[in-house]
Every structure is written in C-alpha cells, then in structure tokens.
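One-based numbering, in listed order, for ligands and for the atoms of each. For clarity, every value in this text was computed on a predicted model and none was experimentally measured.
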Amino acid sequence: MDGVDKEKVQRVVYEMSKGSKYFENEERKEAFIRQKIEHMRARAAKIPAADLSHYQKVVDKRILELEATRELSRIWLHVDMDAFYAAVETLSNPLLKGKPMAVGGMSMISTANYEARKFGVRAAMPGFIARKLCPELIFVPTDFEKYTHYSNLTRKVFQNYDPNFMAASLDEAYLDITEVCKERGISGAEIAEELRSRVHEETGLTCSAGVAPNRLLAKVCSDINKPNGQFVLPNDRMAVMTFISSLPIRKIGGIGKVTENILRGVLGINTCEEMLRKGSFLCALFSHSTADFFLSVGLGLGGTDTPEARFRKSISSERTFSATQDTALLYQKLADIAEMLSADMQKEGLCGRTLTLKLKTASFEVRTRAVTLQKYICSSDDILKYASRLLKAELPISLRLIGLRVSHFNEDKVGVPVDPTQKTLTTFLISGDASTKIVDDQSSFGSDLSNLHFRNDRETVFSVDIHETCHYEFGDPFKSNPLQDVDDNNCISSENAWEMEQIHELSSNKTEAMVKTADGVVHTLKPSNGVLWVSEEDSSVQKEPEDSNPDRLNKEASTLGNEEFFLSNHIEQLYWVNDYRCSLCGAELPSSFVEERQEHSDFHLAERLQKEESGADSRAMMPRQRIVPQDHVVNQRRRKKHKSSPRQGRHLPIDSFFVKSNQNF
Ligand code: DCP
Ligand code: MG
C-alpha cells in the first residue's frame with residue numbers, strides 16, 4: 001500500500017518475531033528456497049547451447065499454439081469486496097468508521113481496514129505485531145455468520161448479471177458478463193459500475209471490479225483501483241499484451257512468493273513478458289504443464305469457459321493448428337475431427353441431429369455454422385458429409401482452428417444414458433478424459449424437424465475451449481495448480497522438452513505410448529479427442545489435484561513448518577489415481593467435476609489441518625450446487641457429515657507457530 005513505511009514495518013516484524021518458532025520456520029524456508037535457486041541456477045548454466053536452441057523451437061511452436069487458443073469474445077468481471085470482514089464489522093458498529101481496526105485477535109488477524117493498512121497492518125499478521133505497528137488499532141472478533149449473510153446478499157446481485165457466476169470465496173466472484181453486455185447494448189465498464197452500486201445499495205458495502213477478456217486478467221484488474229474502484233482491460237490483443245508486458249509476475253493468481261523468488265532468482269524474470277523471453281529455459285527447467293502455464297501468462301491468456309450444468313447436451317472436438325488456407329489440408333483436418341468425434345460418440349452411444357462447425361480464422365474471428373438434420377447421425381461419414389457442406393460455404397478462408405459439435409441427442413435410444421456424465425468409471429478410463437470432450441448445455445438450436453435448417457452465428461457458442469495437445473487450463477483459480485513442481489521441489493529435468501515433443505507427436509499420430517520422464521515417472525499418453533490424456537503410473541509421485549487453489553501450496557509453504565509442509569505435500573497430499581480416484585480415501589471423481597474435486601480436496605485439507613491445528617480461522621466458501629452423478633452425491637453426503645469447515649486450510653494458522661505472543665504486552 002502506498003504511504004506505508006515498509007522499512008519500519010519490516011523492522012518491527014523482525015524484532016517482534018525474532019526467536020519465535022515462526023521466525024525459525026521462516027528462516028528455514030528461506031534457506032531452502034535459496035538452496036533450490038542455487039541448484040536450479042547450476043542446472044540452467046549447464047544446459048548446452050544446442051539444447052537451448054532446440055527448446056526455443058519447441059517454445060516457439062507452443063506459443064503459436066497457445067496464441068491460437070486466444071479467446072477475445074468473452075467479457076469477464078471479477079468482483080472483490082473491500083476489506084470485507086472489517087467493512088461488515090463497521091456496518092454493525094458505525095463507531096468504528098474511520099478508525100484503524102482489525103478483525104481477529106492477538107495471535108492472528110483476518111483482515112484490517114484501509115486506515116489500519118496505512119500502518120502496515122495486514123491479513124494473516126499476528127495481532128500483537130499489528131498493535132505494535134499501530135498502537136491505536138481496535139480488534140474485533142470474527143463473526144462468520146455475519147460475513148456469510150452479507151456474502152449471500154452480494155451473490156443475489158451477481159445472479160442478475162450472470163446466473164452461473166463462480167464464487168471464489170465469500171467476498172470474491174467471477175461473472176461472465178458477455179451476454180448481459182450484448183443484451184443491454186452496454187459496455188463491461190458500465191456493467192461494472194452498475195453492479196458495484198447495486199452491491200452498495202443492497203449491503204452498504206463497497207467492492208472493486210476488474211473487467212477483462214479472461215478470468216486471470218479480470219482478477220488482476222480488480223486489484224488495480226482498490227478500494228471502491230474498477231479497471232477495464234479491453235478485449236483487444238494489443239491492449240492485453242501491453243498490459244501484461246510490465247505486469248509483475250506476483251500479480252498473477254497462482255504465482256506466490258516461492259514461485260516469484262525462484263523465477264527471479266534463477267532466470268531474472270520479474271514481469272510476465274519476460275516469461276516469453278526466457279521460454280527456452282522455462283521449457284528446459286520445468287515440466288511441460290508448468291512451462292505452458294508460464295507461457296500462457298506471458299501471453300495474457302486465462303480461463304474463458306463457463307462451466308455450467310453438468311448434464312451433457314452436446315459433444316464436440318476441436319483442433320488448433322498454424323493458420324492455413326490450404327483447402328485440402330482444411331478438409332483433411334475436418335475429416336480427422338469428424339472421425340474423432342464419431343469415435344467418442346459411439347463410445348458413449350450418442351446420436352445427434354444438430355451439427356455445429358466452429359471456425360477460428362487467422363485473424364481470430366470465431367464463426368459458428370450449424371445445421372439441424374431430420375435424422376440422427378453419429379458415423380464419421382455422416383458427420384463429415386454435413387460438416388464439409390458447412391465448411392465449403394466459407395471457402396476460401398484461412399483458419400487456425402476447426403471444431404465440430406453434435407447436439408440434440410436422441411436420448412430415448414435404448415442403452416443411451418439420459419445423463420451421459422453418469423457413465424461408469426470404466427468408461428472414463430477407456431474413453432480417456434471426459435473433460436476433453438466439450439460438455440455444453442447451450443444447445444439452443446432450432447428444433448425444426450421438417451426442414452434442413454442452417455444457422456449462421458457470428459459468435460462463440462462453444463462453452464469450453466480445449467487445446468489440441470494439452471488438457472490443462474492455465475492459471476485458473478478453478479483448475480489445477482500447474483506450479484506444483486515449482487513449489488514442491490519436483491521440477492522435471494530437461495527431458496521434459498522431449499516429453500513435450502512426444503506429446504505433440506502423439507497427438508498427431510493418434511497412437512498411445514508410454515513416456516518415461518527424467519523423474520522416473522511413466523506416463524501413459526493417450527490422445528483422445530485431439531487432447532492427450534496423461535496418466536501417471538507411478539503413484540509415488542505426487543500430482544496436484546486438478547482443482548486446487550493455485551496459490552495454496554504457496555500458502556501452505558508459508559503456513560506450515562517445513563517438516564509439516566513436506567509431510568503434507570509428499571505423504572498426505574491428495575492426488576487423483578488414474579485421474580479419477582482420490583489417493584487418500586478412494587472416492588471416485590472424474591476430472592470434469594472441478595468444483596466437487598475442489599471441495600473434496602478441501603475436505604481432506606481441513607481434516608488434516610484439524611489434526612495439526614488447535615484453532616484455525618476460516619474463510620468459508622459456500623460451494624455452489626452442481627448436478628452430479630448419483631454415486632458422487634452419495635459419497636458427497638457421506639463426506640459432508642464429517643466436514644465441519646471445508647476451507648479451513650486457506651488461511652494462515654500462524655498462531656500455532658508463535659509462542660512469544662503475550663510477552664510483548
Ligand atoms: N481473509 C482471511 N485471511 C487471510 C486473507 C483474507 O481470513 N489471510 C478473509 C478476511 C477478508 C476476506 O477473507 O476480509 C476477503 O479476503 P481479501 O483477500 O479479499 O481481503 P479483504 O476483502 O479484507 O481486503 P481487500 O480490500 O484487499 O480485498
Ligand atoms: Mg476482498
């Protein structure tokens with residue numbers, strides 16, 4: 001915060017905490033990071049020039065592929081309440097207004113109002129240090145019922161702008177405002193203004209908002225004009241690249257202190273743009289998912305899909321490639337996609353009668369063309385026949401992506417599950433990853449049975465953007481933590497570039513193979529639907545649950561003692577065996593059940609922390625209801641009985657490491 005005397009704050013924190021267990025732990029962690037940086041630096045220095053130029057080629061290719069996935073047609077809004085707990089407490093007690101106050105106690109505070117922040121008081125700081133920094137500081141105990149009440153009021157407002165908004169915590173949410181902007185013919189900035197004033201009317205609280213083409217950027221933007229402000233990043237590639245060029249990496253959700261230190265210490269990377277310049281080293285030193293995440297950050301890419309109801313209404317497949325206008329090549333790609341889609345449909349016993357062609361032109365314009373047929377189709381010949389007609393009408397054209405979707409299923413067909421997401425886990429394994437197929441419930445197509453009905457939409461109607469060669473979605477708070485290998489000392493060594501190449505190779509050859517990476521893990525690579533499914537055979541290697549909070553490990557690292565951290569991370573860390581079974585309790589959850597997985601891993605985390613901690617604070621999140629398979633609902637109910645506060649692990653139980661506490665008063 002501007003105006004904070006940082007040196008004074010550092011000095012006070014140092015003096016107050018010196019000698020405590022917390023302090024010792026911090027020192028151990030720093031020593032460990034320093035050692036790790038040295039080790040990685042030495043490895044970086046030894047990479048032969050020839051290897052680096054090879055990695056550069058791999059990176060250049062990957063950047064093109066990632067660039068082709070850029071989606072600029074959605075408008076995302078991230079909203080974050082200002083000093084949430086403190087503001088709620090001030091509402092109930094107006095005498096607190098204008099005075100420095102913190103919510104929490106002597107051992108730890110949850111947040112502080114902006115008056116207190118001027119003194120360097122901040123969330124997760126022990127209260128006795130906060131009081132030293134600001135002797136006038138008023139402490140108010142936490143009251144989660146109140147925060148939940150106000151959170152619910154804000155959510156009622158969000159609902160009006162995006163009924164499927166994603167709540168990221170009690171005071172944060174992501175809204176896809178594309179449709180509301182279109183319907184009302186107003187800009188994202190205007191929606192943000194309106195939403196903020198409605199939140200204020202309903203609650204008496206202020207919030208800040210960020211508007212951007214994807215969630216990753218929207219979150220960064222909501223922080224820029226805090227408190228009670230907003231920042232809009234236009235849906236324009238140049239604007240995004242300019243914005244990202246000087247953005248410090250730490251501003252990105254998912255890049256915490258440890259990652260920041262490593263990237264800075266090893267490769268001198270400070271800004272997001274530098275990720276691209278150091279791409280060959282990133283590729284050489286990190287696993288392909290981590291390198292991909294870094295590269296996508298350098299390009300300002302982030303999540304744009306809207307995970308909606310889980311009942312499958314459509315199935316699709318798409319491929320990204322370097323832009324081409326070679327007609328023969330385009331037809332060949334179309335044939336490949338038709339074949340993959342048909343195979344996937346047949347595996348699931350699906351037949352549909354609306355076929356949609358999605359095209360992304362060389363200039364990133366997205367077009368969709370759809371046809372509703374009189375008969376249900378599922379063979380590759382049929383799909384190709386109608387898809388070719390749709391494509392023909394667009395020629396000549398230069399494209400970088402083709403996608404096909406089939407919807408309007410014949411659900412009465414014998415043996416076809418009404419909800420195909422309820423298929424057995426064996427089917428999940430055999431068919432690869434359910435998440436690689438696009439699950440869509442936006443099948444608002446014409447239902448005219450009598451005519452062959454063509455539609456021309458100049459909009460993106462595919463709800464999930466997938467990549468040809470990679471099943472990760474990068475840097476998204478709702479998805480995986482691609483930084484696992486940064487923060488847990490498991491960096492895959494330089495062979496991973498080779499692994500990356502293998503993956504690319506495989507996805508085009510449609511074969512299946514085993515790849516052994518330098519860390520000795522055998523990965524089975526299965527191309528499915530144009531996306532590779534990677535399953536780790538060696539269960540001793542930890543894989544971050546797909547859904548965990550991106551910054552959790554950073555938080556854990558700064559929360560737990562080193563021993564605890566490694567214990568948690570290497571022994572008790574939850575991961576998904578064969579990508580669907582929980583390594584800790586055997587519960588089965590396919591990877592497409594992102595929020596359920598999040599909840600599940602949080603349950604284990606809470607369970608573990610309950611054992612480790614005496615008293616923990618909570619930043620409880622109200623998980624939103626999803627339609628899930630029956631067996632999952634049963635498991636979930638069973639689990640919920642035990643679950644007291646699923647998010648207890650999100651914030652720092654610093655107090656358990658402070659033994660000095662009251663002696664300073
Ligand atoms: N919180 C917590 N422990 C933390 C961080 C936050 O208990 N380490 C709680 C208190 C916050 C609420 O979560 O009020 C929301 O967190 P934010 O990070 O959004 O912080 P604030 O809303 O307090 O402030 P800001 O204005 O910076 O968003
Ligand atoms: Mg907030």
Q) Heavy atom under 4.0 Å from ligand 1: found in R117's side chain, backbone, both, or neither? A)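 Answer for R117: side chain.
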
**Q.** Closest approach to the Mg ion (ligand 2) by D80, given as the N, O or S atom name
**A.** OD1

(Q) I'd like to know whether CD of E136 has more than 12 heavy-atom contacts from other residues, nucleotides or ligands below 6.0 angstrom. (A)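 Open.
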
Q | Aromatic contact, F144 with Y85 (centres under 6.0 Å) | A |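 Yes: the rings meet the under 6.0 Å criterion.
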
Short N or O distance, [X] and ligand 1, threshold 3.5 Å exclusive:
X: K226; result: yes
X: A124; result: no
X: M81; result: yes

For residues 90-100, run the donor-acceptor check on the side chains, cut-off 3.5 Å, and write out each pair with its distance to 0.1 Å, sequence neighbours left out.
residue, atom, partner, partner atom, Å
T90, OG1, A86, O, 2.8
S92, OG, V88, O, 3.1
S92, OG, K146, NZ, 3.2
N93, OD1, L95, N, 3.1
K99, NZ, L95, O, 2.9

Q) Looking at ligand 1, does Y147 have a heavy atom less than 4.0 Å from it? A)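 So Y147 does not count as touching ligand 1.
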
Q.
In this structure, does ligand 1 have an atom that sits under 4.0 Å from one of the heavy atoms of P227?
A.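 It does not; every heavy atom stays at 4.0 Å or beyond.
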
Counting backbone and side chain alike, does [X] bring an N/O/S atom below 2.8 Å of the Mg ion (ligand 2)?
X: D82; result: no
X: D171; result: yes
X: M81; result: yes

Residues 199-206 side chain polar contacts: donor-acceptor under 3.5 Å, at least two apart:
residue, atom, partner, partner atom, Å
T203, OG1, V199, O, 2.6
T203, OG1, L205, N, 2.9
T206, OG1, D82, OD2, 2.7

Q. Just checking, R117 and Y114: is the charged tip under 6.0 Å from the six-membered ring centre and within 45° of the axis?
A.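 Yes, R117 and Y114 form such a contact.
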
